[in-house]
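Atom set for the values below is all heavy atoms of this structure, side chains included, hydrogens, waters and symmetry mates excluded. Just so you know, residue 1 is the first one in the sequence shown, and it goes up from there. First listed ligand is number 1; within each ligand, the first listed atom is number 1.
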Amino acid sequence: MSDSTQPKRATTIPDSLDLTRSIKRLSVPFDSGTFPLSEGSHQRSTVLICRDNDAKKWGPRWLKQAGLKTTIISAVRTAHDEAAAAKPDVIIVEAGILDHAGTPLFAILNKSPDIRCPIIVLCSGSKDMYSALDANVYDVIRKPLEWQLLSHRARQAAESQVNAASLESAQTSLTEAVQIADEARQRLRSRESFEPVTGLPNKTKFIDLLTRGMMAVDRDKNTLAVLVVGFNRFRLVVEAMGQDRANLVLGEIGNIVSQCLQDAESAQQQTTGLRTAAASSIELAKFGLMFTCSESDEAITHLQQLVVEKLSHPVQVAGQTVHLSACVGVALYPQDASDVDQLLQRADNAMRDAQSRGGGFRFYCEETDAAAARKLKLENMLYEALGRDELSVSYQPISNTESGRITGAEALLRWHQADGTCISPGEFVPIAEDAGLMTRIGEFVLDQACRQLEIWQEDDVPIEHMCVNVSKAQLVGGGFVRTVANLLDKYKIDPGCLELELSERGVLSGRFDVIDQLHELKKLGVTLSIDDFGTGDSAIAYLRDLPVDTLKIDRSYVSGLTRNSKDAALIAAMIALSQKLDLKVIAEGVETRQQVNMLKKLGCSEFQGFYVSASVPPEEFPKLVIKSI
Ligand code: C2E
Ligand code: CA
Ligand code: CA
């Protein structure tokens, strides 16, 4: 209990005038009818420490009338402990009771930390009174005792004790209320300025920081770099993990981004002194960084590389590994923009441009504006394309290297816009994945391809297998295995004729979260192939760990086959490896007779490419097959 909450005690009165006044106060006439016993008030208690038998006899009666229950203590030796144990609301003690060392008991009680109630001292003369007042006791009453007055004063003292306690508790509650209000205000303020998932400044705050940074740049004649960090296919992380876990991933990314800025900052400080820097969370899965530098500063490139590099490591969250592909866009003030909105927009455009190139970082230039605008336009048009039947599937033949016969087909998505423009799937598939449209589109392709296979088989077109590309979006959404099973059933297709292509950079990046589904697909009897083999970074591990049947050697190796001995050696090694693992090999992007001959020599069983034909509409495909027989 703080001093301010202790029951008020009479202060030491040094001169006679004050003493007289004090005594006067103590002798206020007693009105027996006005005891402050309100209805429902609790019974108070007092400890009366006295030797006087009269006091022992009359005291409890009078005190009872004043609503006080009395405990009498007469043994000096145990008086302190008994009084403390009784926890009374007031103690009444005779001044003349001394301990073995001659110290008045009231002084001992008054100083004791175990006794927190007011003490009234019964005094026999002025000497007692002076010494009691000097000890700063609550009240003194002079003998001969007037019991009515004493019990009234005792009751008042007891009430003051209770009031002090409730005052203390009221003050504690008030302090707590003030603290809660302060915390609430702080939370509100931080909600206004910070993004709750990452704890980083939010967009409003970032714009404020940018505005101030730009003013400083105007004054100091240097440069403000703004970086926007985004991710390819973050939507898939949310779909696969759920929003709560995806938030944990975002929190971890926020930490990494801030750490990158700190690292870059401390590296800079060693050479060029303190700069302004801030990291912020500006949208879901989009982060902003700003710092001042000189225009040709290598720190900008360094920071971009650092962010891309750090974020290319898998992030571990709640026992799951998440593989991310970060893209960074940069715009500079005053070189690239004249105001905050434009600066942020242009850094964002540069980021989108990096995104459509598959990752990495990109500085703002006019081209990036155009690329970002096109990406946005395509995204909007894709929604309409679905409704307008602008999407279709065409088929590229796959041939046997030895016989030259067409034995299979790869289904490839085509987007013919109403004005006749054709958009490449290489461009719009990633956009559809980002926009969450690829599950629907992928299902459409699969349905078309299965339907087509049924038609050709009914028409006796001798096609042994149909290859269909699978997007990661189809696998993370769940339900893909069921979709495939339903389509096999619907079109009465031999499952062994359907080959699902999983691209190394797409489906198999961050790969093993799909492995269970791949095993389930295998159980259906369909075959699985690794598309673009050799373009990812763990090609050999796929062969060991995934239940695949076929390798599709990427076009980039095939194009150098007849010109570059290293490519030839690599393809030879891939084929030898596949033979050992009992896998089929299909070479992609075969454009010349020499390439076909070379592949035949190396033992590659099948190939596809412009040498035989580009993809064609379904009605033209049987003609190609017949020609090849
Ligand atoms: P991909 O799966 O590697 O498909 C082969 C691509 O190479 C096709 O491009 C094809 O037209 C092209 N190509 C075939 N032979 C040659 C050749 O001899 N020379 C050259 N230069 N190119 C050749 P396309 O149709 O533009 O598709 C590009 C990519 O888009 C595909 O690469 C695939 O990753 C994706 N894609 C296409 N259709 C689908 C689909 O239905 N679903 C999914 N998820 N992705 C698809
Ligand atoms: Ca493919
Ligand atoms: Ca391919």
J.: Among protein atoms, how many N/O/S atoms lie less than 3.0 Å from the Ca ion (ligand 3)?
T.: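 There are 4 of them.
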J.: Suppose we only allow N, O or S atoms; which atom of Glu410 ends up nearest to the Ca ion (ligand 2)?
T.: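 The Ca ion (ligand 2) is closest to the Glu410 atom OE2, counting only N, O or S.
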J.: Pair up each side-chain donor or acceptor in residues 599-611 with any protein partner under 3.5 Å, not counting sequence neighbours, and list the distances.
T.:
unit_1: Ser605; atom_1: OG; unit_2: Val585; atom_2: O; d: 3.3
unit_1: Glu606; atom_1: OE1; unit_2: His465; atom_2: NE2; d: 3.2
unit_1: Gln608; atom_1: OE1; unit_2: Lys552; atom_2: NZ; d: 2.7
unit_1: Gln608; atom_1: NE2; unit_2: Gln396; atom_2: OE1; d: 2.7
unit_1: Gln608; atom_1: NE2; unit_2: Glu410; atom_2: OE1; d: 2.8

J.: Has Met438 got any heavy atom lying under 4.0 angstrom from an atom of ligand 1?
T.: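 Met438 counts as a contact of ligand 1 under the 4.0 Å cut-off.
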J.: Return all side-chain donor-acceptor pairs below 3.5 angstrom for residues 382-390, not counting sequence neighbours, or 'none' if the list is empty.
T.:
unit_1: Glu384; atom_1: OE1; unit_2: Arg388; atom_2: NH2; d: 2.8
unit_1: Arg388; atom_1: NH1; unit_2: Glu390; atom_2: OE2; d: 2.9
unit_1: Glu390; atom_1: OE1; unit_2: Trp415; atom_2: NE1; d: 2.9

J.: Would you be so kind as to tabulate the donor-acceptor pairs closer than 3.5 Å made by side chains of residues 416-426, with sequence neighbours excluded?
T.:
unit_1: Asp419; atom_1: OD1; unit_2: Thr421; atom_2: N; d: 3.0
unit_1: Asp419; atom_1: OD1; unit_2: Thr421; atom_2: OG1; d: 2.5
unit_1: Asp419; atom_1: OD2; unit_2: Thr421; atom_2: OG1; d: 3.0
unit_1: Ser424; atom_1: OG; unit_2: Gly426; atom_2: N; d: 2.9

J.: Quick check on atom 20 (C) of ligand 1 - does any protein heavy atom sit closer than 4.0 Å to it?
T.: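 Given the 4.0 Å cut-off, atom 20 (C) of ligand 1 counts as touching protein heavy atoms.
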J.: Between Thr535, Asp531, Val590, flag the one that comes closest to atom 2 (O) of ligand 1 by a heavy atom.
T.: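 Shortest heavy-atom distance from atom 2 (O) of ligand 1: Asp531.
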J.: Would a 4.0 Å cut-off, counted as strictly less than, catch a protein heavy atom around atom 30 (O) of ligand 1?
T.: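 Within 4.0 Å of atom 30 (O) of ligand 1, protein heavy atoms are found.
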J.: If you count every heavy atom of other residues, nucleotides or ligands that lies below 6.0 Å from Arg451 atom CZ, does the total exceed 12?
T.: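 Counting other residues, nucleotides and ligands, CZ of Arg451 stays at 12 neighbours or fewer.
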J.: Under 4.0 Å and counting heavy atoms only, is there anything from the protein next to atom 12 (C) of ligand 1?
T.: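 No, because not a single protein heavy atom sits under 4.0 Å from atom 12 (C) of ligand 1.
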J.: Is there a heavy atom of Gly589 sitting under 4.0 angstrom from any atom of ligand 1?
T.: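 The answer is yes: ligand 1 sits under 4.0 Å from a heavy atom of Gly589.
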J.: Any non-hydrogen atom of Gly426 lying under 4.0 Å from ligand 1?
T.: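 So Gly426 counts as touching ligand 1.
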J.: Relative to the ring of Phe621, is the ring of Trp456 parallel (under 30°), tilted (30 to 60°) or perpendicular (over 60°)?
T.: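 Parallel, since the angle between the ring planes stays under 30°.
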J.: So, does Lys552 sit close enough to ligand 1 that a heavy atom of it is under 4.0 Å from the ligand?
T.: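 For ligand 1, residue contact (heavy atoms, under 4.0 Å) with Lys552 is absent.
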J.: Under the 4.0 Å line, does any protein heavy atom show up next to atom 34 (O) of ligand 1?
T.: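 No, no protein heavy atom sits under 4.0 Å from atom 34 (O) of ligand 1.
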